[in-house]
Asks: 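After the structure tokens below, expect a handful of questions from me.
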Amino acid sequence: MTRTARAFWLRSPGRGEIRQVDLAEPGPGDVVVRTLCSGVSRGTETLVFRGGVPESQHTAMRAPFQEGEFPGPVKYGYLNVGLVEEGPAALLGRTVFCLYPHQTRYVVPASAVTPVPEGVPAPRAVLAGTVETAVNAAWDAAPLLGDRIAVVGAGMVGASVAAVLSRFPAVRVQLVDADPARAEVARALGVDFALPGEAAGGLDLVVHASATEQGLARSLELLAPEGTVLELSWYGDRRIGLPLGEAFHSRRLTVRSSQVGTVSPARGTRRSYGDRMALALELLANPAFDALISGECGFEELPEVLPRLASGELPGLCHRVRYDAESAVSPG
């Protein structure tokens, strides 16, 4: 008996297609998962779709279950929620999150999936990979009681970071974005909002997630002396300029990187990747995160929808992909 499924592949930059694929026969430690929904990461995934991954970063940018190579053909993605159809008794019938691409069914080691808590709906759980990035950023940032913080860039990652940091006691968080419409997202998350020119300065910490040169420059301007910019943006193959003259040295400012590929050194000896993902899913019990889902389409529509997401024709944050029962190919 050959198990088959349908998967979204990037055939070449800017061109995607649905392919029928054969599934491996599951071993004793594997699970078979039927996808319920997946999410398109508007930043990283649309950059991959455009072919913007620099050659020097092809290895670093690999997704856990990626097939193929950049710039294509490649099967890429990492926001997947599904139902365990076969596997260990403890997981059978459970809704799980996995860092897997857009595919109707898949076989992975049981250790690669994380059970979704009962209080978290599957459609919201697609955000787990993004909230995991926010958790790692919070560990890297290590805010102190009463810190004044801005998050510049109200995309999926920036908005998630703002939501997580706002839970710290007595911390003031302002979400900054050039798009006035993102004020609605900030309101839903319970944080303040400002346009770049109106943002409050004198800050202890700025988390930058706009992936723009202007956003990074403004982040430095907002800092108090000896303040820190935590850089989360991924620029792909773009080179950016940074104003390291002016007051950068006299005010003793710091720019630090943060990247989800490694558990923050602040927690690396005490927390595993699995612990970090479980925490992200726990945080998603908060319905405010629903504000980060800004669009939806069917799985079969992805080849037409992803070019529109990559070009900006379809604006918004996380685009959710639904999988109807008919889209899955049953064992044959």
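Given the structure is predicted, the values throughout are model-derived calculations rather than measurements.
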Asks: In this structure, are over 12 heavy atoms from other groups packed under 6.0 Å from Arg11 atom CZ?
Replies: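 Result for CZ/Arg11: enclosed.
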Asks: Can you tell me how far the OG1 atom of Thr95 sits from the CD atom of Glu118, to the nearest 0.5 Å?
Replies: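 Thr95 OG1 to Glu118 CD: 10.0 Å, rounded to 0.5 Å.
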Asks: Can you list the steps and then say if Glu301 with Arg322 is a side-chain contact (heavy atoms from CB on, under 4.5 Å)?
Replies: CA-CA 10 Å; Glu301 299 174 88; Arg322 64 179 183 274; 3.9 Å; yes
Asks: How far apart are the closest heavy atoms of Arg256 and Thr254, and which atoms are they?
Replies: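 Here Arg256 and Thr254 meet closest at CG-CG2, 3.7 Å.
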Asks: Check whether any side-chain heavy atom of Phe248 sits under 4.5 Å from a side-chain heavy atom of Val255, and report yes or no.
Replies: yes
Asks: Please check this pair: side chain of Arg172 against backbone of Asp192, looking for a donor-acceptor N/O pair closer than 3.5 Å.
Replies: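 It does not hold such a pair.
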Asks: Side-chain contact test, heavy atoms from C-beta onward, threshold under 4.5 Å: evaluate it for Thr104 versus Thr35 and give yes or no.
Replies: no
Asks: Keeping the roles fixed (side chain from Arg270, backbone from Ala266), state whether a donor-acceptor pair exists under 3.5 Å.
Replies: yes
Asks: Begin with the C-alpha distance, continue with both residues' side-chain angles, and end with the deciding distance and a verdict on side chain to side chain donor-acceptor pair (under 3.5 Å) for Ser272 and Asp275.
Replies: CA-CA 5 Å; Ser272 66; Asp275 293 332; 3.2 Å; yes
Asks: Which distance, rounded to the nearest 0.5 Å, do you find between the CG of Leu222 and the CD1 of Ile149?
Replies: 13.0 Å
Asks: With rounding to the nearest 0.5 angstrom, report the OG to CZ distance, Ser38 to Phe97.
Replies: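 It comes to 10.0 Å.
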Asks: Would Leu309 end up clustered with Trp234 when hydrophobic side chains under 4.5 Å apart are linked, directly or stepwise?
Replies: yes
Asks: Does Glu213 use its side chain to pair, donor to acceptor, with the backbone of Gly241 at less than 3.5 Å?
Replies: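 Indeed, once roles are kept as given, a pair shorter than 3.5 Å links the two residues.
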Asks: Check for me, please, whether Val74 and Val40 land in the same ILVMFWY cluster - side-chain distances under 4.5 Å, paths through other members count.
Replies: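 Linked within one cluster.
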Asks: Under the salt bridge (Lys or Arg N to Asp or Glu O under 4.0 Å) criterion, do Glu86 and Arg3 qualify, and how do the steps go?
Replies: CA-CA 13 Å; Glu86 298 179 44; Arg3 301 169 185 264; 2.7 Å; yes
Asks: Please identify which of these residues, Gln20, His102, Glu300, meets the side-chain hydrogen bond (donor to acceptor under 3.5 Å, both in side chains) condition with Arg6.
Replies: Glu300
Asks: Taking the side chain as every heavy atom from C-beta outward, state whether Leu91 and Pro115 have any pair of such atoms under 4.5 Å apart.
Replies: yes
Asks: Do side-chain atoms of Asp204 reach the backbone of Arg148 as a donor and acceptor pair under 3.5 angstrom?
Replies: yes
Asks: Could you check whether any side-chain N or O of Ser12 sits under 3.5 Å from a backbone N or O of Arg15, counting only pairs where one atom can act as donor and the other as acceptor?
Replies: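 Not at all, since once roles are kept as given, no pair shorter than 3.5 Å links the two residues.
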Asks: To the nearest 0.5 angstrom, please state how far the CD1 atom of Ile18 sits from the CD atom of Gln103.
Replies: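 Reported to 0.5 Å precision, the distance equals 10.0 Å.
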Asks: Within the supplied structure, the quantity of interest is the number of heavy atoms (other residues, nucleotides, ligands) at a distance under 6.0 Å from Glu304 CD; does it exceed 12?
Replies: yes
Asks: Does Arg182 use its side chain to pair, donor to acceptor, with the backbone of Ala154 at less than 3.5 Å?
Replies: yes
Asks: Within this structure, what is the OG1-CG distance for the pair Thr130 and Leu284, rounded to the nearest 0.5 Å?
Replies: 9.0 Å
Asks: Tell me whether Leu244 shares a hydrophobic cluster with Val206, the cluster being built from Ile, Leu, Val, Met, Phe, Trp, Tyr side chains joined at under 4.5 Å.
Replies: yes
Asks: Determine whether Val81 and Val33 fall in the same hydrophobic cluster, where Ile, Leu, Val, Met, Phe, Trp and Tyr are linked whenever their side-chain heavy atoms lie under 4.5 Å apart.
Replies: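 Val81 does not cluster with Val33.
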Asks: Supply the atom-to-atom distance Glu67 CD to Arg62 CZ, rounded to the nearest 0.5 angstrom.
Replies: 9.0 Å
